[in-house]
Amino acid sequence: MIPRIRALAVDDEDDHLKAIQEAATKAGFGCVPLLYPRDTSAEELSSMAFNNAQIRMIITDLHLDPAAQTRGKDANFGIIANLINQLNLPAWTPYVLILWTQYQQDADGLGNYLEQRLPSEKLPGFLLSLNKQDYNIPSDSVDHVKLLKDLQEKIGGSRGVNVLLEWEREIIQAADNVVRKLLEVARSGKEKTVSFDEELDRVLSSIAQTATSKGFASQKPRAAANGGLLPVLVDEMEHLTLTQEQNALWHSALARAAAGKKTPPLEKEIALLNDALHISKDGVTSGSDRGAVLLNWHDADSFKVLWGLDISECFSAFSLEKWPEIYSLKYLQIEGLCDSTQQKKGVVPFVLACEVLGNTEVVEKHRPASIEISPTYIGTDGDERKLVVNLRYFFTTEREDAKSRKAEYRVRESLVNKWAFAWANHAIRPGTVEFHSAK
């Protein structure tokens with residue numbers, strides 16, 4: 001599905017640009033016009049902050065500079081490549097690049113040029129060509145109906161881009177459902193007026209305090225409100241009513257899954273997938289956050305007192321035969337979800353962990369049940385890593401002390417939930433002796 005906003009058009013002829021913008025607007029999606037070269041200098045593009053605009057479509061003329069045409073097609077392609085660079089879109093933006101030309105081979109040539117000149121994270125997700133004359137551009141009777149129809153049909157030719165845009169649209173729809181329900185509640189308790197600020201304040205504040213606590217909501221109202229709203233958003237997302245066309249799109253994009261074909265990731269994708277699903281490197285996590293991974297902050301003497309282990313020989317605590325050449329002792333914050341959400345006063349628990357290279361072998365035979373091993377992920381240095389945790393070794397520290405310590409990264413909920421459950425289960429395992437009938 002084509003988003004209704006977040007497109008931009010580039011052309012060197014003002015009347016063409018205005019016609020394109022009008023066609024896009026009438027077709028139902030917002031379009032920012034950029035007249036080349038007036039609006040496309042590095043300074044102008046930087047001031048427009050497209051890096052925060054979530055651009056999903058770039059429409060550009062092939063011949064932006066008449067003088068470049070005398071130097072061959074690569075000169076035209078180079079101008080477009082330079083523009084894409086200067087737009088400074090976030091890495092891996094799934095945008096569609098639409099080239100105004102009547103010759104498909106021009107689009108193919110541009111695609112080849114961009115593949116050679118741009119890094120992967122800046123490449124368009126799909127490149128297609130359209131002919132201005134097919135839509136009466138420029139004229140007073142631009143055929144915006146045909147433009148939208150052709151865009152939908154052509155973009156549908158990329159299963160990958162199409163399903164990402166569809167998933168994004170579904171998230172927006174789910175959020176819209178929640179927002180409208182909030183407004184309904186806010187308007188239900190007062191006489192009919194235009195403004196609803198105070199009523200929404202009461203509703204959201206009530207949700208925030210009930211989901212967490214009065215104290216936490218006063219310090220972090222956004223996080224507290226999300227504690228109540230995110231589960232509703234997830235539920236809405238899981239129960240959206242989709243059209244037959246939308247369901248068909250998902251079946252087409254996930255052809256292997258739809259066919260029941262087992263599809264393991266490529267070896268080079270495993271750590272990247274785990275990193276995306278299980279590791280957050282937001283740069284703002286502190287030791288007060290559940291799942292925070294911090295560098296060991298104790299010296300050798302205090303480490304010995306705390307753990308009863310010699311810091312230089314504690315590899316056995318992680319079922320390692322010996323210390324690998326590359327390793328790093330870490331602390332993992334592993335408090336309960338409820339306490340974390342409400343940021344309750346008191347202490348927070350940390351368990352001892354060791355980060356090693358992804359291919360480091362851990363002893364399999366007679367390995368203690370307290371040992372947990374993460375899947376491989378991408379370390380802060382860009383190499384594959386994994387975290388080995390020993391749940392038997394844990395300590396607590398005051399929340400304020402933990403909050404003052406910056407984390408290197410954070411383990412996301414699904415993995416820390418698994419380890420927290422294992423930690424609690426390990427701590428309370430009964431170890432009883434029972435006899436039962438052999439029947």
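Computed from a predicted structure; not experimentally measured.
- Between the side chain of S218 and the backbone N or O of G215 there is at least one donor-acceptor pair closer than 3.5 Å.
- Under a 3.5 Å cut-off, the side chain of S47 and the backbone N or O of E44 do form a donor-acceptor pair.
- Shortest non-hydrogen contact noted between T40 and V10 is CG2-CG1, 4.3 Å.
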List the steps, then state whether side-chain hydrogen bond (donor to acceptor under 3.5 Å, both in side chains) holds for K122 with S120. CA-CA 5 Å; K122 289 183 177 285; S120 295; over 6 Å; no
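- Of all heavy-atom pairs spanning N296 and F303, the tightest one is OD1-CD1, 3.9 Å.
- Just one residue in the list L182, L183, D176 forms a side chain to side chain contact (heavy atoms under 4.5 Å, CB included) with R180, and that residue is D176.
- Considering Q333, E413, E335 as possible partners of R290, the one that fulfils the side-chain hydrogen bond (donor to acceptor under 3.5 Å, both in side chains) test is E413.
- Using a 4.5 Å cut-off on side-chain heavy atoms (C-beta onward), K406 and S286 make no contact.
- Here the closest non-hydrogen pair linking H298 and I311 is O-CD1, 4.4 Å.
- Side-chain contact between W423 and F394 is present, with at least one heavy-atom pair separated by less than 4.5 Å.
- For the pair H16 (side chain) and D12 (backbone), a donor-acceptor distance under 3.5 Å is absent.
- Of the possible polar contacts, none joining the R117 side chain to the N82 backbone as a donor-acceptor pair under 3.5 Å is found.
- Between N88 and L45, every side-chain heavy-atom pair lies at or beyond the 4.5 Å cut-off.
- Judged purely by atom type and a 3.5 angstrom limit, D143 uses its side chain to pair as donor or acceptor with the backbone of K146.
- Without hydrogens or angle criteria, E269 side chain to L266 main chain gives a donor-acceptor distance under 3.5 Å.
- Using the six-membered ring where Trp is involved, Y331 and F395 have ring planes that are perpendicular, over 60° apart on the 30 and 60° scheme.
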May I have the step-by-step check of side-chain hydrogen bond (donor to acceptor under 3.5 Å, both in side chains) for S414 and N417, ending in yes or no? CA-CA 5 Å; S414 59; N417 281 345; over 6 Å; no
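- Side chains of Q104 and D108: a donor on one and an acceptor on the other come within 3.5 Å.
- Between E168 and R56 there is a salt bridge, with a side-chain nitrogen of the basic residue lying less than 4.0 Å from a carboxylate oxygen of the acidic one.
- For the pair I371 and I373, the minimum side-chain heavy-atom distance is below 4.5 Å.
- Under 3.5 Å, the side chains of Q116 and N112 contain no donor-acceptor pair of N or O atoms.
- Considering only residues two or more places apart in sequence or on other chains, Y113 meets the ring pair (Phe, Tyr, Trp, His ring centres under 6.0 Å) condition with F77.
- In this model, no donor atom of one side chain and acceptor atom of the other lie less than 3.5 Å apart for N162 and S158.
- Using a distance-only test at 3.5 Å, with no hydrogens or angles considered, no donor-acceptor pair links the side chain of N52 to the main chain of A49.
- Annotation: the span from N226 atom CG to L233 atom CG amounts to 9.0 Å, rounded to 0.5 Å.
- Distance CD1/I155 to CG/L165: 7.0 Å, rounded to 0.5 Å.
- Considering CG of L97 and CG of L110, their distance stands at 6.0 Å, rounded to 0.5 Å.
- Counting only N and O atoms by type, the side chains of Q133 and Q102 include no donor and acceptor under 3.5 Å apart.
- Between L35 and L17 the shortest heavy-atom distance is N-CD2, 3.5 Å.
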Audit row: W100, S129, side chain to side chain contact (heavy atoms under 4.5 Å, CB included) steps and yes/no: CA-CA 6 Å; W100 290 121; S129 63; over 6 Å; no
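- Annotation: side chain of I58 is not in contact with side chain of V96 (no heavy-atom distance under 4.5 Å).
- Using a distance-only test at 3.5 Å, with no hydrogens or angles considered, a donor-acceptor pair links the side chain of D299 to the main chain of S302.
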Could you please spell out the steps behind the side chain to side chain contact (heavy atoms under 4.5 Å, CB included) verdict for I59 and L8? CA-CA 6 Å; I59 308 172; L8 59 88; over 6 Å; no
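- Side-chain contact between L415 and L277: absent, with no pair of heavy atoms (C-beta onward) separated by less than 4.5 Å.
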What's the verdict on side chain to side chain contact (heavy atoms under 4.5 Å, CB included) for L147 and D150, showing C-alpha distance, side-chain angles and the deciding distance? CA-CA 5 Å; L147 175 62; D150 286 355; 5.8 Å; no
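- Distance alone, capped at 3.5 Å, places no donor-acceptor pair between the S252 side chain and the A248 backbone.
- With ring centers used as reference points, Y95 lies 6.0 Å or more from F126.
- Using a 4.5 Å cut-off on side-chain heavy atoms (C-beta onward), Y36 and D11 make no contact.
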Check step by step if side chain to side chain contact (heavy atoms under 4.5 Å, CB included) holds for V362 and V356. CA-CA 10 Å; V362 182; V356 295; 5.7 Å; no
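- Note that CG of L114 is 7.5 Å distant from CD1 of I80, once rounded to the nearest 0.5 Å.
- Side-chain contact check for E170 versus W250: some heavy-atom pair is nearer than 4.5 Å.
- Going from atom CG of D134 over to atom NZ of K132 covers 12.5 Å, rounded to the nearest 0.5 Å.
- Nearest heavy-atom pair, L332 versus G291, reported as atom, atom and distance to 0.1 Å: CD1-O, 3.6 Å.
- From Q105, atom CD reaches atom OG1 of T101 across 7.5 Å, with rounding to the nearest 0.5 Å.
- When ring centroids are compared, Y409 and Y377 come within the 6.0 Å threshold.
- Nearest heavy atoms, L89 versus F50: CD2-O, 3.8 Å.
- Side-chain atoms of D275 come within 3.5 Å of backbone atoms of I378 as a donor-acceptor pair (strictly under, hydrogens ignored).
- None of L294, V389, L387 except one satisfies the side chain to side chain contact (heavy atoms under 4.5 Å, CB included) rule with K330; the exception is L387.
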